[in-house]
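Notes follow the structure.
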2 protein chains.
Amino acid sequence: VIDIDDTHDVTHASWVTSANAEETDFPLQNLPLGVFRTPNSAPEIGVAIGDQILSLHRALQLGVLTLPASLAQACRELTLNSLLSRGRPAAAMVRRKVFELLTSDALKQDITVQALVSTKDAEMLLPVTIGDFTDFYTSINHARRGAQLSRPNLPPLYPNFQNLPVAYHGRSSSVTPSGTPCRRPLGQMAPSNASEEAPFRATAKLDFELEVGFYVGPGNLLGEPVSIDSAEDHIFGLCLVNDWSARDIQRWESQPLGPFQSKSFMTSVSPWIVTLEALAPFRHKAVEREENAPPLSRRLSSERHSERGAVDIALKVRVQSEAMRTRGESAAVITETNFAQQYWSIFQMLTHHTSNGCNLRSGDLLASGTVSGAQQQLAGCLFEMTMDGRNSFELPGGEELTYLRDGDEVQLVGRCERKGFRSIGFGVCSGVVQPAIEWL
Amino acid sequence: VIDIDDTHDVTHASWVTSANAEETDFPLQNLPLGVFRTPNSAPEIGVAIGDQILSLHRALQLGVLTLPASLAQACRELTLNSLLSRGRPAAAMVRRKVFELLTSDALKQDITVQALVSTKDAEMLLPVTIGDFTDFYTSINHARRGAQLSRPNLPPLYPNFQNLPVAYHGRSSSVTPSGTPCRRPLGQMAPSNASEEAPFRATAKLDFELEVGFYVGPGNLLGEPVSIDSAEDHIFGLCLVNDWSARDIQRWESQPLGPFQSKSFMTSVSPWIVTLEALAPFRHKAVEREENAPPLSRRLSSERHSERGAVDIALKVRVQSEAMRTRGESAAVITETNFAQQYWSIFQMLTHHTSNGCNLRSGDLLASGTVSGAQQQLAGCLFEMTMDGRNSFELPGGEELTYLRDGDEVQLVGRCERKGFRSIGFGVCSGVVQPAIEWL
C-alpha cells in the first residue's frame with residue numbers, strides 16, 4: 001500500500017535551494033525519475049530537484065548513494081526499464097535514499113560539484129524503452145462531445161463506454177520526448193466523390209490531445225490477469241502525453257479498425273516519471289458513477305479503489321504561436337481541466353488490459369486518452385474546443401486558432417495541489433509544429 | 001532488385017539428404033532464418049535445411065562460414081534484429097554462403113557433427129524482438145463477407161477499403177512462436193439489456209485468422225516515408241501469422257477504436273522467416289483492380305510493383321481436435337486459399353505505413369489480416385466460414401466445428417509452387433486451445 005509518509009512532509013527543505021521555491025514542479029517531495037544526457041556523455045538516470053538533476057550514476061560512483069548491488073546496477077543503466085521491473089520496494093528505497101542525500105547538508109559540497117547537473121545543460125531522453133503503447137478513451141466528456149460532433153443522430157455514448165475502459169493499441173516507435181518538433185503529417189482523406197482519387201496531402205486538422213500516461217513497473221505473465229487491488233504494484237509512475245492527431249486522416253481511415261495513420265506519426269511524452277509514491281497525497285475517491293450507469297463490473301471495483309482510485313492532477317494546455325514567440329510573448333493557456341474527473345482510473349485501465357490474459361512488460365506506456373472537462377471550452381483537444389474547426393478562439397495579439405498552424409508550440413503542464421502539502425508538478429510536454437515535407 | 005539467380009536453380013541438391021525430398025518445406029532453394037535453442041544452451045540463429053538446422057554460430061566458430069566481421073557478429077546474436085537491420089546485401093550474402101556450405105561435400109562431415117542440429121532436438125523461439133506489430137485488413141473477400149455479417153444493411157465495403165490498406169496497431173508483447181498453447185481468454189460481452197452488468201466470461205467464439213506476416217529489415221527515420229519501389233529494401237522476409245480472435249469480445253468492445261482485448265491475448269507466428277530472396281520465383285503481377293474501383297493512389301503504384309507486387313503462397317488451415325488426436329488421426333484441412341489474390345500487397349502496406357512519417361524499426365512485424373478466398377468455404381477464419389457460428393462443418397469422425405473448442409489444435413501452413421522451380425514452404429504455425437482460467 002502506497003501511502004503518505006515523512007517524505008511528503010511539507011516542512012522538509014533541500015539544500016538545493018531552487019527546490020524550495022513555491023513555483024517549482026520538483027520540490028524535495030516529488031523526486032521524479034528520468035534519463036538525461038550531457039554533451040559527449042552517455043545517457044544517465046537522474047532525479048529532478050528544483051532546476052537541477054541528481055545523476056544516480058554519479059552519486060553511486062561518488063559513494064554518497066549506497067544501494068543493494070543489483071539495484072545500484074539498475075540505476076546505472078541507460079534506461080529506467082530495469083528499475084521499473086523491480087517494483088514498489090525498489091522505487092520506495094531509491095526515493096528514500098535520494099531524499100536523504102538532498103537533505104543532508106554534509107554532502108552538499110561533494111554532490112553539487114560531482115553529481116548535480118543543471119537542467120539547462122541536460123538533454124532529456126525517453127525514460128524507458130517502451131515495449132507497447134496503449135491509448136485509452138476514458139473521459140466521458142470527451143466521449144460525449146466526440147459523439148455529438150461525429151454522429152449527432154445517435155446516442156451520445158457507445159453502450160460499452162460505461163462498462164469497460166475502451167482502448168486501442170498505439171504506436172510505440174514514434175513516442176518521442178518533449179521538445180521533439182512535430183512534423184505535420186501527410187495522409188489520405190475522403191475524396192469528394194467516390195470515383196475520384198482520394199487526395200493525399202498534409203493534414204489541415206492537426207490537433208493535440210491532452211492525456212495522462214503511466215508506465216508499467218513489474219509486468220505480468222501471459223495468461224495471468226492483475227486484480228484491481230494489485231494494479232498499483234504494477235504502475236511505476238505517471239507522465240503527460242500529447243497524442244498528436246490528424247482529424248481529417250482519422251475520419252477517413254478509422255472504419256472499421258480505429259485510428260492508425262492519424263496518430264502514429266508522433267506521440268510526445270513529458271520526460272519525468274512522477275512516481276506513485278510522490279502522488280500518494282493526491283489520490284482520492286474514485287469518480288462516482290452516474291445514477292443511470294450500468295452496474296460496475298466486479299473485477300474493476302474494490303473498496304480500496306473506491307477510496308483511492310483517482311489522482312488529482314490539474315492540467316493545462318498552453319499555446320505559443322510563431323508570432324507570439326517573435327514578439328517575446330509567453331505561451332497562453334487555452335484550456336484547463338483535472339484528471340480526477342476521468343471516468344475510468346489508471347488502476348482500472350491496467351486491470352482491464354490484463355483481464356484477457358494479455359501480458360504487460362516493464363516500461364509499457366498506457367495513456368488515458370483525451371482528458372476533457374465538462375464544458376466545451378475546457379476540453380482536452382481542439383476537435384472539441386472548436387467543434388471540428390467550426391469555431392475558433394483568439395490568442396493574445398488577436399490571432400485566431402482553430403486547428404494547429406505551422407510554428408505553433410503546444411505545451412502540456414500538470415500540477416498536483418492539496419492544502420497542507422507541497423505542490424508537485426510534471427514539468428512540460430511540448431512540441432513545435434513543423435511544415436509538412438514535400439513527397440511525390 | 002531481388003531476382004531469380006542460380007540459388008533458385010532446381011538442379012541443385014544438398015548433402016543434407018532430407019532437403020532433397022519433394023515434400024520438404026526447406027530445400028536448398030529456401031534457406032529461411034530462425035532462432036532456436038537446444039537444452040541448456042543459449043538461443044542461436046539457424047537456417048532450416050530439410051529436417052535439420054544449420055547453426056550459424058557454430059558454423060562461424062568452426063571456421064567453415066566466413067563473413068565480414070560485423071556481419072558475423074550479427075549472426076552470433078540471440079535474435080535476428082541486427083541481421084535484419086543490415087538489409088538486402090547482408091541477407092543475400094548469408095544466403096549465398098550458406099548455399100555454398102550445404103552443397104560442398106568436402107564440408108559435410110565437419111558440419112554434420114559440429115554445426116547441424118536436428119529439428120526435433122530444437123526449440124524454436126521468436127526470431128526477433130518485435131518493436132511494434134501492425135495488423136492490416138487487406139483481403140477484399142474478408143472485408144465483404146465481414147460486412148455482410150456485421151452490417152447487412154450497409155454497403156458491402158467501407159469507402160476507404162479500395163483507397164488505402166486499412167490497418168490497426170496490434171499488441172507485440174503477446175506475439176508467441178508456433179507451438180505455444182492458446183489460453184481461451186476471458187472478456188466482457190454485451191449485456192442482454194443495458195441496465196444489467198455486462199457479463200465477463202470465457203469467450204464462446206474463439207477463432208483463428210489465417211494471415212501472412214512480414215518483418216521489417218532496415219527501418220526508416222521518423223518523418224521519412226518509404227516509396228513503393230524502395231519498399232522491398234525494407235522487408236526482410238515473410239512468415240505465417242495466426243491472429244487468434246474472440247468474436248463476442250470483439251463485437252462489444254470495438255466501437256469506436258477497433259479491436260483490443262479480443263486480439264491482444266495472443267498472436268502466433270511461424271518461427272522461420274522466408275526471405276524475399278527465397279521468394280523471388282514466386283512473385284508476380286499485382287492483383288488487378290476491379291473495374292469500378294477508384295483510381296489507385298500514385299504513392300501506392302509503380303510499374304515494377306504492377307509486375308512483381310504479389311507473392312504466390314498457397315495457404316491452408318488444418319484442425320486436429322482432441323478426439324482426433326486421441327484416435328491418432330492427423331489434422332484435417334478445413335480451408336485453403338492463396339495470398340496472391342490479396343487486394344493490397346506487402347509493399348503497399350509498408351509504404352502506406354510510412355506515408356505519414358511513421359518510423360518502422362528492424363524487427364517490426366506487419367501482417368496482412370485474414371486471407372480469405374472468394375468462396376465462403378475458403379475463408380481464412382471461422383467467423384466467415386460458419387457465418388458467425390450459424391453454420392457448422394464436419395471434421396473427420398463426425399464432430400461438428402463452429403468456433404474453436406478446448407483441445408482443438410489449429411495449424412497454418414503455406415507453400416510456394418511454380419513449374420520449373422523447387423517448391424518451398426513456411427513450416428507450420430500451430431497452437432492448441434487450452435481451457436480458460438478461473439478468475440474472480
Side-chain angles (χ1 to χ4, degrees), chain A residues 131-132 137 158-160 163-164 166-174 176 183 185-188 190-191 194-198 200 222-223 225 227 246 249 252-262 264-266 294-299 352-353 355-361 364 437 439-440, chain B residues 131-132 137 146 158-160 163-164 166-174 176 183 185-188 190-191 194-198 200 222-223 225 227 246 249 252-261 264-266 294-299 352-353 355-361 364 437 439-440:
Chain A
D132 281 290
Y137 172 80
Y158 286 108
N160 58 16
N163 285 280
L164 53 73
V166 170
Y168 74 106
H169 305 295
R171 178 83 196 170
S172 69
S173 72
S174 52
T176 58
R183 178 71 68 185
L186 304 173
Q188 195 181 85
S195 62
E196 275 174 22
E197 184 178 331
F200 178 79
L222 191 68
S227 72
I249 301 173
W252 172 239
E253 73 172 355
S254 291
Q255 284 299 337
L257 298 180
F260 179 56
Q261 298 290 84
S262 54
S264 64
F265 59 94
M266 188 163 142
L296 179 56
S297 190
R298 194 157 47 107
R299 75 193 191 288
H352 175 65
H353 203 322
S355 65
N356 66 343
C358 180
N359 56 323
L360 303 176
R361 296 176 292 191
D364 282 353
I437 60 163
W439 189 53
L440 300 187
Chain B
D132 282 289
Y137 172 79
Y158 286 109
N160 58 16
N163 285 280
L164 53 74
V166 171
Y168 74 106
H169 305 294
R171 178 85 195 168
S172 68
S173 72
S174 52
T176 57
R183 179 71 66 184
L186 305 172
Q188 194 181 85
S195 63
E196 274 175 24
E197 183 177 331
F200 178 79
L222 191 66
S227 72
I249 301 173
W252 172 238
E253 73 171 356
S254 290
Q255 283 301 338
L257 298 181
F260 179 56
Q261 299 289 86
S264 64
F265 59 94
M266 189 162 140
L296 179 55
S297 190
R298 194 157 46 107
R299 74 192 192 289
H352 175 65
H353 203 322
S355 65
N356 66 344
C358 180
N359 56 324
L360 303 176
R361 296 176 293 190
D364 282 353
I437 60 164
W439 189 53
L440 299 188

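These values consider heavy atoms only, across backbone and side chains, with no hydrogens, waters or symmetry-generated copies. Protein chains get the first letters and strands the later ones, always in sequence-line order, with residue 1 at the start of each.
- Ring-plane geometry between B/His353 and A/Phe260 is classed as perpendicular, the angle between the planes exceeding 60 degrees on a 0 to 90 degree scale with a lower cut at 30.
- In this view, A/Arg361 and A/Asp132 satisfy the salt bridge (Lys or Arg N to Asp or Glu O under 4.0 Å) rule, not counting sequence neighbours.
- Put simply, the side chain of A/Gln188 reaches to within 4.5 Å of the side chain of B/Arg299, judged on heavy atoms.
- Counting heavy-atom pairs closer than 4.5 Å to chain A, the top residue among B/Ser254, B/Gly170, B/Gly187 is B/Gly170.
- Of the two parts of B/Leu164, the backbone and the side chain both hold a non-hydrogen atom closer than 4.5 Å to a non-hydrogen atom of chain A.
- The most heavy-atom pairs under 4.5 Å with chain A, out of B/Pro159, B/Ser227, B/Ala246, come from B/Pro159.
- Interface remark: B/Trp439 contributes side-chain atoms only to the contact with chain A (heavy atom separation under 4.5 Å).
- Nearest heavy atom pair, residue A/Val166 against residue B/Pro256, reads CG1-CD, 4.2 Å.
- At a 4.5 Å heavy-atom cutoff, the contact between B/Ala194 and chain A is made by backbone atoms alone.
- With respect to chain A, the highest number of heavy-atom pairs below 4.5 Å among B/Tyr158, B/Tyr137, B/Phe265 belongs to B/Tyr158.
- Side-chain contact between A/Ser297 and B/Glu197: present, with at least one pair of heavy atoms (C-beta onward) separated by less than 4.5 Å.
- Here the CG-OG distance, from B/Leu222 to A/Ser173, works out to 7.5 Å after rounding to the nearest 0.5 Å.
- Separating the CD atom in A/Glu196 from the CG atom in B/Asn163 is a distance of 11.0 Å, to the nearest 0.5 Å.
- Considering only heavy-atom pairs separated by less than 4.5 Å from chain A, the leading option among B/Ser195, B/Pro185, B/Gly146, B/Ala167 is B/Ala167.
- When B/Pro225, B/Ser174, B/Pro259 are compared by the number of non-hydrogen pairs under 4.5 Å with chain A, B/Pro225 comes out ahead.
- Using a 4.5 Å cut-off between heavy atoms, A/Gln255 contacts chain B through both its backbone and its side chain.
- Not counting sequence neighbours, the partners of A/Ser264 by the side chain to side chain donor-acceptor pair (under 3.5 Å) test are A/Gln261, B/Asn356.
- The minimum heavy-atom distance linking B/Arg171 with A/Leu360 is given by the pair NH2-CD2, 3.5 Å.
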